[in-house]
Amino acid sequence: MKGVSMLTMARAAWAVVRYAVVVPLLQLAVYLCAAMSLMLFAERLYMGLVVAALWLRRRRRQRRSPSRNKGGDDDDLESGAAEDLPLVLVQIPMFNEKQVYRLSIGAACGLWWPADKLVIQVLDDSTDAGIRAMVEAECRRWAGKGVQIRYENRSNRSGYKAGAMREGLKKGYAKDCELVAVFDADFQPDADFLRRTVPVLQADPSVALVQARWRFVNADECILTRIQEMSLDYHFSVEQEVGSACHGFFGFNGTAGVWRVQALADAGGWKDRTTVEDMDLAVRASMRGWRFVYAGDVQVRNELPSSFKAYRYQQHRWSCGPANLMRKMFWEIVASRQVSAWKKVHVLYGFFFVRKVVAHLVTFLFYCVVIPAYVLVGGQDVRLPKYVAMYVPAIITLLNAVCTPRSWHLLVFWILFENVMSMHRSKATIIGLVEASRANEWVVTEKLGSVTSSTPAATTTMATNKGATKKKKSQSSILAPEIVMGLCLLYCAVYDIVFGHDHFYVYLLMQSAAAFVIGFGYVGSQ
């Protein structure tokens with residue numbers, strides 16, 4: 001009798017807690033997720049409509065205007081007009097880049113630009129003496145061919161990438177440069193890169209930055225790189241395009257771009273207060289009234305991280321940094337007097353809050369917390385509208401995927417993977433917002449030298465990097481957070497099969513399987 005009495009009391013206590021605390025909190029979480037989902041949906045729909053309008057406008061222009069001769073620029077460079085071209089500095093920051101340093105240096109030295117108007121600056125922060133020697137020898141080799149190339153190595157890594165580029169601009173030979181192009185160590189610009197980007201800066205003195213698009217040389221390496229391609233294609237085809245066309249602002253991607261040195265100095269130069277020094281510079285320059293142009297037809301080859309460890313570190317930096325930057329620049333943006341109120345709203349609400357905070361938090365909170373909790377609590381007492389659970393997420397997903405039609409068959413895998421990654425991105429976002437201990441953690445993304453297409457500048461390095469493209473399946477240690485997530489979701493799926501009525505177990509089983517696959521190291525290569 002005593003045991004039965006205790007069980008009855010426990011059930012009564014749970015009923016009180018359930019109806020007084022759990023159900024109201026869960027319903028509040030549902031409403032919060034609904035609000036964030038609608039914010040994200042409105043942002044995605046707005047950008048989708050703008051991109052459609054831009055596409056239609058381009059089609060009309062192509063029909064009205066005859067094809068232009070693209071050879072005129074070449075003739076100008078070979079004639080006396082070359083004397084009027086600006087002096088361009090090309091900065092290549094790198095850190096222990098054994099696999100890719102020849103690719104980036106060779107591509108930069110192969111740029112079509114008058115030799116007396118081009119300076120290549122290799123900013124090598126490598127701590128490995130052997131790698132430093134190889135990079136310096138490569139610079140000497142190109143210098144022997146008549147290229148103006150300078151090798152710079154610091155005794156410390158103060159400020160990381162931002163610190164290296166800041167110090168590079170202080171060099172005497174760099175002070176006369178009007179423009180500076182930035183390429184990370186794994187980026188390989190085509191020879192005509194400067195011919196296609198510099199004229200934009202020359203034509204409009206109010207333009208501070210011309211950003212090119214990335215082209216992924218190893219997108220077909222594994223499903224991890226295919227998934228990244230889907231996400232980044234949307235970023236370039238939609239977010240960058242809309243920002244350039246409607247607001248003259250978007251986040252600088254840190255590479256494959258050309259800056260006006262005057263604008264860079266006017267914005268205060270490179271700062272290392274966050275892990276997204278490129279975005280920091282872009283926001284400050286924009287608040288000074290400078291405009292940015294996205295050149296989507298100019299593509300620069302680069303490598304995607306193909307190991308999950310490297311990708312996870314990269315995503316921590318890309319999620320934590322913007323949130324931390326928003327915290328530090330909020331009042332600075334509000335107080336800016338050189339831009340319109342509309343642009344401030346776009347930067348703070350659309351660019352920072354919705355894309356860099358809401359997008360991460362709502363994915364994790366809804367798919368990995370609210371739905372499992374809804375299954376356990378029971379749907380009779382908590383209202384979960386269908387538009388929140390199905391319609392809005394489906395439309396958002398389709399708008400994201402439309403930019404990569406060749407990967408539509410991977411859409412389900414992309415959704416499941418992104419839901420697992422939302423755990424890491426949400427954690428990083430919160431760390432950035434509260435400026436916790438890992439807010440300024442900087443881990444350089446590992447490059448493995450994947451090359452799928454050859455260029456004159458890269459031909460000499462193909463044989464060297466051929467072996468680097470043969471990677472073995474990852475045998476890394478088990479990832480506990482993903483395993484715990486998988487176990488929790490599996491338990492909720494089984495519970496829904498036994499006691500539920502909404503068939504959420506179909507999603508929960510698939511999502512738990514994805515968490516287990518990632519947790520046991522079967523995603524990516526090493």
Side-chain angles (χ1 to χ4, degrees), residues 29-55 223 226-243 245-247 250-251 315 318-319 322-323 346 348-372 374 383-426 428-429 489 502-504 506-508 510-511 514-515:
V30 169
Y31 290 146
L32 181 62
C33 288
M36 291 193 292
S37 295
L38 291 174
M39 292 165 62
L40 190 60
F41 170 74
E43 178 75 5
R44 293 285 194 268
L45 184 61
Y46 156 72
M47 291 192 292
L49 293 174
V50 171
V51 168
L54 292 173
W55 181 81
I223 194 170
R226 289 290 292 271
I227 288 172
Q228 291 178 71
E229 180 191 36
M230 294 176 70
S231 299
L232 290 171
D233 275 352
Y234 178 83
H235 168 70
F236 285 107
S237 300
V238 178
E239 293 179 346
Q240 300 280 79
E241 188 78 43
V242 172
C246 297
H247 309 282
F250 48 81
Q315 292 302 298
W318 286 6
S319 301
H346 167 70
L348 287 174
Y349 174 77
F351 180 76
F352 273 123
F353 184 64
V354 175
R355 298 184 207 168
K356 310 302 181 184
V357 178
V358 168
H360 301 324
L361 296 182
V362 70
T363 304
F364 176 69
L365 183 61
F366 183 64
Y367 292 105
C368 302
V369 177
V370 170
I371 288 181
Y374 176 83
R383 181 174 177 269
L384 180 58
K386 285 187 177 181
Y387 76 87
V388 178
M390 297 175 58
Y391 305 140
V392 170
I395 296 174
I396 292 175
T397 300
L398 292 175
L399 289 173
N400 272 311
V402 72
C403 300
T404 316
R406 79 185 193 100
S407 297
W408 283 351
H409 63 290
L410 299 174
L411 193 57
V412 174
F413 298 100
W414 178 77
I415 294 170
L416 297 175
F417 178 81
E418 288 294 297
N419 289 346
V420 175
M421 281 304 302
S422 68
M423 174 176 61
H424 297 289
R425 294 187 182 119
S426 297
T429 300
L489 294 175
D502 295 315
H503 305 288
F504 277 116
V506 177
Y507 157 71
L508 292 170
M510 296 172 65
Q511 191 62 69

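Because the structure is predicted, anything quoted here is derived from the model rather than measured.
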Mind running side-chain contact (heavy atoms from CB on, under 4.5 Å) on Cys246 and Tyr46 for me, showing each step along the way? CA-CA 11 Å; Cys246 297; Tyr46 156 72; 3.9 Å; yes
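- Between the CG atom in Asn400 and the OG atom in Ser237 there is a gap of 11.5 Å [rounded to 0.5 Å].
- The heavy-atom pair separating Ala323 from Thr429 by the smallest distance is CB-O, 3.5 Å.
- Two residues are said to be in side-chain contact when any heavy atoms from C-beta on lie closer than 4.5 Å; His424 and Gln315 fail this criterion.
- Nearest heavy atom pair, residue Ala34 against residue Tyr387, reads CB-OH, 4.0 Å.
- Note that CZ of Phe366 and OG of Ser37 are 6.5 Å apart. Values are rounded to the nearest 0.5 Å.
- Looking at heavy atoms from C-beta onward, Phe250 lies out of side-chain contact with Glu239 at the 4.5 angstrom threshold.
- Aromatic ring pairs are classed by plane angle as parallel below 30°, tilted from 30° to 60° and perpendicular above 60°; the pair His346 and His247 is parallel.
- Minimum heavy-atom separation, Tyr234 to Cys403: CA-SG, 4.0 Å.
- Here the closest non-hydrogen pair linking Leu416 and Met510 is CD1-O, 3.9 Å.
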As a quick check of understanding, evaluate side-chain contact (heavy atoms from CB on, under 4.5 Å) for Ile223 and Phe417, giving each step before the final call. CA-CA 10 Å; Ile223 194 170; Phe417 178 81; over 6 Å; no
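- The two residues Met39 and Val358 come nearest to each other via the heavy atoms CE-CG2, 4.1 Å.
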side-chain contact (heavy atoms from CB on, under 4.5 Å), that's the test. Do Tyr507 and Asn419 meet it? Break it down for me. CA-CA 11 Å; Tyr507 157 71; Asn419 289 346; 3.7 Å; yes
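- Under the 4.5 Å side-chain criterion, counting only non-hydrogen atoms from C-beta, Val388 is not in contact with Val392.
- The CG atom of Leu398 sits 12.5 Å away from the CZ atom of Arg44 when rounded to the nearest 0.5 Å.
- Arg406 places a side-chain heavy atom less than 4.5 Å from the side chain of Arg226.
- In this structure, Cys368 and Pro372 approach most closely via the heavy-atom pair O-CG, 3.6 Å.
- Using a 4.5 Å cut-off on side-chain heavy atoms (C-beta onward), Arg383 and Val30 make no contact.
- Two residues are said to be in side-chain contact when any heavy atoms from C-beta on lie closer than 4.5 Å; Ile227 and Leu410 fail this criterion.
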For Leu411 and Met230, run side-chain contact (heavy atoms from CB on, under 4.5 Å): C-alpha distance rounded to whole Å, both residues' side-chain angles, the deciding distance at 0.1 Å, then the answer. CA-CA 9 Å; Leu411 193 57; Met230 294 176 70; 4.1 Å; yes
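- Two residues are said to be in side-chain contact when any heavy atoms from C-beta on lie closer than 4.5 Å; Phe352 and Val357 fail this criterion.
- The side-chain heavy atoms of Gln511 and Ile415, taken from C-beta on, include no pair separated by under 4.5 Å.
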